[in-house]
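Single-structure report; data block below.
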Amino acid sequence: MNDKFFQLPAQKQKRILNAAYKAFAQSTYKKASMSLIAYESDVSKSLLFYYFKNKQDLYLYLWTQVIEMTRKTIQAYKTLETDDFFEMLRRM
């Protein structure tokens, strides 16, 4: 991943990431299209490849973001502070 991505305005970053989440959610990794992600985020395909060297790089970035969001949610709701499975579910 190119650090230039983080220099983009927050709104543009959000558009790119949302388009990528959508593409990977609606089809398999193999069928997810960088062209569609570029189109839906209103950036050129070449610019998308400038920010993320390939589809795997983008996918792994999204994966780490989801892991971090999940970790923060588990901490915020103190999900693991109980041994009761149903209480864990309720907290989540």
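Worth saying up front: this structure is predicted, and the values here are computed from it rather than measured.
For D83, the CG atom is loosely surrounded, since the number of other residues' heavy atoms within 6.0 Å does not exceed 12. Heavy-atom contacts from other residues, nucleotides or ligands closer than 6.0 Å to CZ of F6 number more than 12.
A donor-acceptor pair is defined here as one N or O able to donate and one able to accept, closer than 3.5 Å; such a pair exists between the side chain of K55 and the backbone of A32. One N or O on the side chain of D57 and one on the backbone of M1 form a donor-acceptor pair closer than 3.5 Å.
Linking Ile, Leu, Val, Met, Phe, Trp and Tyr whenever their side-chain heavy atoms come within less than 4.5 Å puts M34 and Y21 in one cluster. Both I16 and Y29 belong to a single network of hydrophobic side chains, linked directly or stepwise wherever heavy atoms of I, L, V, M, F, W or Y lie under 4.5 Å apart. Hydrophobic cluster membership is shared by Y59 and Y50, with clusters built from Ile, Leu, Val, Met, Phe, Trp and Tyr side chains linked at under 4.5 angstrom. Linking ILVMFWY side-chain heavy atoms closer than 4.5 Å, directly or via other members, places Y61 and M69 in a single hydrophobic cluster. F49 and L62 end up in the same hydrophobic cluster when Ile, Leu, Val, Met, Phe, Trp and Tyr side chains are linked at under 4.5 Å.
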- Might you work through the side chain to side chain contact (heavy atoms under 4.5 Å, CB included) test for Q65 and L17, ending with a clear yes or no? CA-CA 10 Å; Q65 292 300 105; L17 296 179; 5.5 Å; no
- Message: Working note: L58 + F5, criterion side chain to side chain contact (heavy atoms under 4.5 Å, CB included); need CA distance, chi angles, decisive distance, verdict.
- Response: CA-CA 11 Å; L58 174 56; F5 176 74; over 6 Å; no
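Considering CG of L48 and OG of S44, their distance stands at 8.0 Å, rounded to 0.5 Å. Residue L60 holds its CG atom at 11.0 Å from CZ of F52, rounded to the nearest 0.5 Å. Here the straight-line distance linking atom CG of L36 with atom NZ of K45 works out to 11.0 Å at 0.5 Å rounding. Remark: E81 CD to M88 CE distance equals 10.5 Å, nearest 0.5 Å. Here CZ of R71 is found 12.0 Å from OG1 of T64. Values are rounded to the nearest 0.5 Å. To the nearest 0.5 Å, atoms CG (N54) and CD (Q56) are separated by 6.0 Å.
K12 is listed as a side-chain neighbour of V43, based on a closest heavy-atom distance under 4.5 Å.
Between A23 and I37, the shortest heavy-atom contact is CB-CG1, 3.5 Å.
Under 3.5 Å, the side chains of R15 and Q11 contain no donor-acceptor pair of N or O atoms.
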